[in-house]
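Start at 1 with the first residue, then count along the sequence.
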Amino acid sequence: MLWPMDAIEAILTKRDTRDYRPDPIDEAALDRVLQAARMAGSAKNGQLTRIVAVTDPDVRGQLTGAGDFTSWIDRAAAVLVFVVPVDGGRLFDIGRMAQNAMVAANALGLASCAITFHHQDVIRKVLGVPDDLEGPMGITLGHPAPPPADRLRGARVPLDELVHRDHWRP
């Protein structure tokens, strides 16, 4: 099965999206996104991160209280919650999985946005995550709503300003 766009295009065109159409995500597409997340490397190949894929509208609605800035996440068709051990979980590994998932989603025509879950008591209550684990981060996934006509895009820092070669330069 071929990807609709190449990897570089999927990276360069990916934008965080918080507005979604109500359509569900095709199960095969969700599985491809989850497979992309699974294939991310992990520190010392520990593979400690697990994912709770939330598609149930009621559960997604309950997750809106799990973060300080997550009131909108129930509009997405899916929320992926990355779960790691409280002791020894590596946030960098979550970032690698999340980025793989978001780039793969973009390649499949899906939108996504990274989110932080500040309230682990809500994560534990809603998802049944044990006390020795936490779900500090996640991503939303869904079919993007049409962007507003007046949507502003922030410019990226130019490459020659971002990258310092061999030594720091003022």
Side-chain angles (χ1 to χ4, degrees), residues 1-20 25 29-30 32-53 63-64 66-73 75-120 123 133-170:
M1 188 179 256
L2 297 176
W3 290 93
M5 65 174 74
D6 72 24
I8 299 298
E9 182 182 3
I11 292 167
L12 296 178
T13 62
K14 193 268 180 248
R15 297 291 178 267
D16 287 344
T17 303
R18 291 174 185 85
D19 293 319
Y20 299 96
I25 298 172
L30 181 57
R32 293 200 72 188
V33 170
L34 292 168
Q35 177 71 357
R38 183 179 80 90
M39 295 309 295
S42 64
K44 298 181 182 176
N45 199 30
Q47 301 182 56
L48 302 175
T49 307
R50 298 297 183 263
I51 302 169
V52 179
L63 284 177
T64 61
D68 292 342
F69 309 102
T70 54
S71 62
W72 55 274
I73 66 173
R75 296 192 304 256
V79 177
L80 305 185
V81 180
F82 297 97
V83 177
V84 293
V86 171
D87 295 321
R90 295 176 174 92
L91 297 182
F92 188 73
D93 289 357
I94 292 175
R96 294 174 76 182
M97 289 182 97
Q99 190 69 14
N100 271 16
M102 291 186 294
V103 169
N106 188 43
L108 294 170
L110 297 170
S112 64
C113 188
I115 49 179
T116 300
F117 294 117
H118 302 92
H119 309 293
Q120 292 306 302
I123 291 292
L133 300 173
E134 62 184 347
M137 297 174 189
I139 64 171
T140 56
L141 294 171
H143 298 278
D150 61 349
R151 181 178 177 179
L152 298 175
R153 288 203 185 240
R156 305 307 275 179
V157 172
L159 194 60
D160 65 347
E161 188 179 320
L162 174 73
V163 178
H164 299 258
R165 296 190 184 262
D166 296 322
H167 299 285
W168 185 265
R169 61 173 169 66

Student: Rounded to the nearest 0.5 Å, what's the gap from CE on Met102 to CZ on Arg15? Could you check?
Tutor: 12.5 Å
Student: In Å, rounded to the nearest 0.5 Å, how long is the span from CD of Gln47 to CZ of Arg50?
Tutor: 7.5 Å
Student: Would Thr140 and Thr70 count as a side chain to side chain contact (heavy atoms under 4.5 Å, CB included) if you check the C-alpha gap in whole Å, the side-chain angles of each, and the deciding distance to 0.1 Å?
Tutor: CA-CA 10 Å; Thr140 56; Thr70 54; over 6 Å; no
Student: With a sphere of 6.0 Å drawn around CD1 of Ile8, does it hold more than 12 non-hydrogen atoms of other residues, nucleotides or ligands?
Tutor: no
Student: Where does the angle between the aromatic ring planes of Tyr20 and Trp72 fall among parallel (under 30°), tilted (30 to 60°) and perpendicular (over 60°)?
Tutor: parallel
Student: Of the non-hydrogen atoms in Ile94 and Pro136, which two are nearest, and what is the gap between them?
Tutor: CD1-CG, 3.8 Å
Student: Kindly compute the distance separating CG (Asn106) from CG (Leu12), expressed to the nearest 0.5 Å.
Tutor: 10.0 Å
Student: Just by distance, no angles: are the side chains of Gln35 and Arg32 close enough, under 3.5 Å, to form a donor-acceptor pair?
Tutor: no
Student: Got a donor-acceptor contact below 3.5 angstrom from the Thr49 side chain to the Val83 backbone?
Tutor: no
Student: Would Val79 and Ile115 count as a side chain to side chain contact (heavy atoms under 4.5 Å, CB included) if you check the C-alpha gap in whole Å, the side-chain angles of each, and the deciding distance to 0.1 Å?
Tutor: CA-CA 9 Å; Val79 177; Ile115 49 179; 4.1 Å; yes
Student: To check you understand the geometry: which heavy-atom pair defines the closest contact between Val81 and Phe117, and what is its length?
Tutor: CG2-CE1, 3.8 Å
Student: Tell me the closest heavy-atom pair linking Gly109 and Pro144, and the distance in Å.
Tutor: O-CD, 3.6 Å
Student: Of all heavy-atom pairs between Glu9 and Asp6, which one has the smallest distance, and what is that distance?
Tutor: N-OD1, 2.7 Å
Student: Could you please spell out the steps behind the side chain to side chain contact (heavy atoms under 4.5 Å, CB included) verdict for Val84 and Asp93?
Tutor: CA-CA 9 Å; Val84 293; Asp93 289 357; over 6 Å; no
Student: When you measure from the side chain of Lys14 to the backbone N and O of Gln99, does any donor-acceptor pair fall under 3.5 Å?
Tutor: no
Student: Rounded to the nearest 0.5 Å, how far apart are CG of Asn100 and CZ of Arg38?
Tutor: 11.5 Å
Student: Above 12 or not: heavy atoms from other molecules or residues under 6.0 Å from CG of Asp68?
Tutor: yes
Student: Measure the spacing between CG of Leu80 and CG of Leu34 and express it to the nearest 0.5 Å.
Tutor: 5.5 Å
Student: Nearest 0.5 angstrom please: Glu134 CD to Leu91 CG, how far?
Tutor: 7.0 Å
Student: Would you name the heavy atoms of Ala114 and Asp16 that are closest together and state the gap between them?
Tutor: N-OD1, 4.3 Å
Student: Please report the closest heavy-atom contact between Ala43 and Arg90, naming both atoms and the distance.
Tutor: CB-CD, 3.1 Å
Student: Begin from the C-alpha positions of Ile123 and Val52 and carry the test side chain to side chain contact (heavy atoms under 4.5 Å, CB included) through to its verdict.
Tutor: CA-CA 10 Å; Ile123 291 292; Val52 179; over 6 Å; no
Student: Considering only heavy atoms from C-beta outward, does the side chain of Leu141 approach that of Ser112 to under 4.5 Å?
Tutor: yes
